[in-house]
Amino acid sequence: MSQIAEKIQSIKGQIPEQVRLVAVSKTMPISMIQEAYDAGQRIFGENKALEIKEKAENLPSNIHWHFIGHLQSNKVKYIAPYVKLIHSIDSLKLLEEVNKEAKKNDRIISCLLQFHIASEETKYGLNPQEAYELLKSETYQQMKNIKIIGVMGMASNTFNTELVRQEFKYLRTIFQNLQFDFFIGDIFFRELSMGMSGDYQIAVQEGSTLIRIGSSIFGTRNYKNN
Ligand SMILES: *Cc1c(COP(=O)(O)O)cnc(C)c1O
């Protein structure tokens with residue numbers, strides 16, 4: 001068995017069956033993604049619009065491409081034909097753009113609202129008040145080509161596991177509040193995207209449904225800014 005296949009199997013062995021693994025393949029070559037694909041992996045996460053486009057056009061069409069990083073409105077057009085789930089909606093403006101491009105492609109694109117849950121300043125994301133304003137807006141309510149199916153967040157990059165756990169609990173609370181206030185009876189609103197290589201065990205204990213794992217599968221990345 002290849003090393004990538006072994007790592008995927010090992011992670012899957014540690015998580016409950018209902019938790020899905022997003023293999024974060026940003027910066028990784030097609031050959032490594034193919035290796036993971038051959039090991040049965042179908043969901044891959046990328047954070048550059050043009051990289052998704054390039055990879056999607058050169059890999060099997062039954063791969064589910066997830067966009068996981070900060071997304072600029074002017075790049076949405078590149079991913080709209082391919083992307084299965086966008087984890088990183090952090091403004092009404094971005095959601096409007098996704099809706100517009102989804103419509104052009106005659107698709108409905110699933111999206112997660114990204115929340116700022118870390119104590120660090122640098123991470124993108126909404127706060128609960130901004131999310132409430134977005135969901136209450138007339139603009140959002142008119143959108144027909146997007147579907148919000150849950151929330152996403154990144155915990156602080158720290159060895160303080162108690163802090164990380166608190167941040168994941170906070171995200172789950174946000175999820176539950178939104179579910180109660182806006183998505184009652186909506187069976188599609190059920191995703192809690194949290195947990196990366198360093199903290200996915202805690203995330204799973206706190207109710208994650210989608211873990212996003214890069215370096216523990218593919219090894220360390222070359223580019224520092226990824
Ligand atoms: C890169 C990235 C990951 C994966 O990080 P690893 O620590 O390599 O597992 C997960 N989520 C987001 C949003 C990322 O940008």
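We count ligands from 1, going down the list as the structure has it; atoms in each ligand are counted the same way. Since the model is a prediction, treat every value here as computed from it, not as a measurement.
- Close approach to Ile68 involves these atoms of ligand 1, each under 4.0 Å from a residue heavy atom: 2 (C), 11 (N), 12 (C), 13 (C), 14 (C), 15 (O).
- Between Ser197, Ser216, Ser193, Gly69, it is Ser197 that holds the heavy atom closest to atom 9 (O) of ligand 1.
- Atoms of ligand 1 lying under 4.0 Å from any heavy atom of Ile213, numbered from 1 in the order shown and given with element: 9 (O).
- The proximity of Met154 to ligand 1, defined as any non-hydrogen pair under 4.0 Å, is limited to the side chain.
- Counting atoms of ligand 1 from 1 in the listed order, those under 4.0 Å from a heavy atom of Gly214 are 4 (C), 6 (P), 8 (O), 9 (O).
- Of all atoms in ligand 1, listed by their number and element, those nearer than 4.0 Å to a heavy atom of Met152 are 13 (C).
- With salt bridges taken as basic N to acidic carboxylate O contacts below 4.0 Å, none links Glu96 and Lys100.
- Other residues, nucleotides and ligands contribute at most 12 non-hydrogen atoms within 6.0 Å of the NZ atom of Lys84.
- The aromatic rings of Phe218 and Phe44 are tilted relative to each other, their planes meeting at an angle between 30° and 60°.
- The pair Glu101-Lys77 fails the salt-bridge criterion, with no side-chain N (NZ, NE, NH1 or NH2) lying under 4.0 Å from an Asp/Glu carboxylate O.
- Atom CD of Gln176 has more than 12 heavy atoms from other residues, nucleotides or ligands within 6.0 Å.
- In this structure, Phe183 and Phe189 have parallel ring planes: the angle between them is below the 30° cut-off, well short of the 60° mark.
- Ranked by closest heavy atom to atom 2 (C) of ligand 1, the top entry among Lys26, His66, Arg212, Met196 is Lys26.
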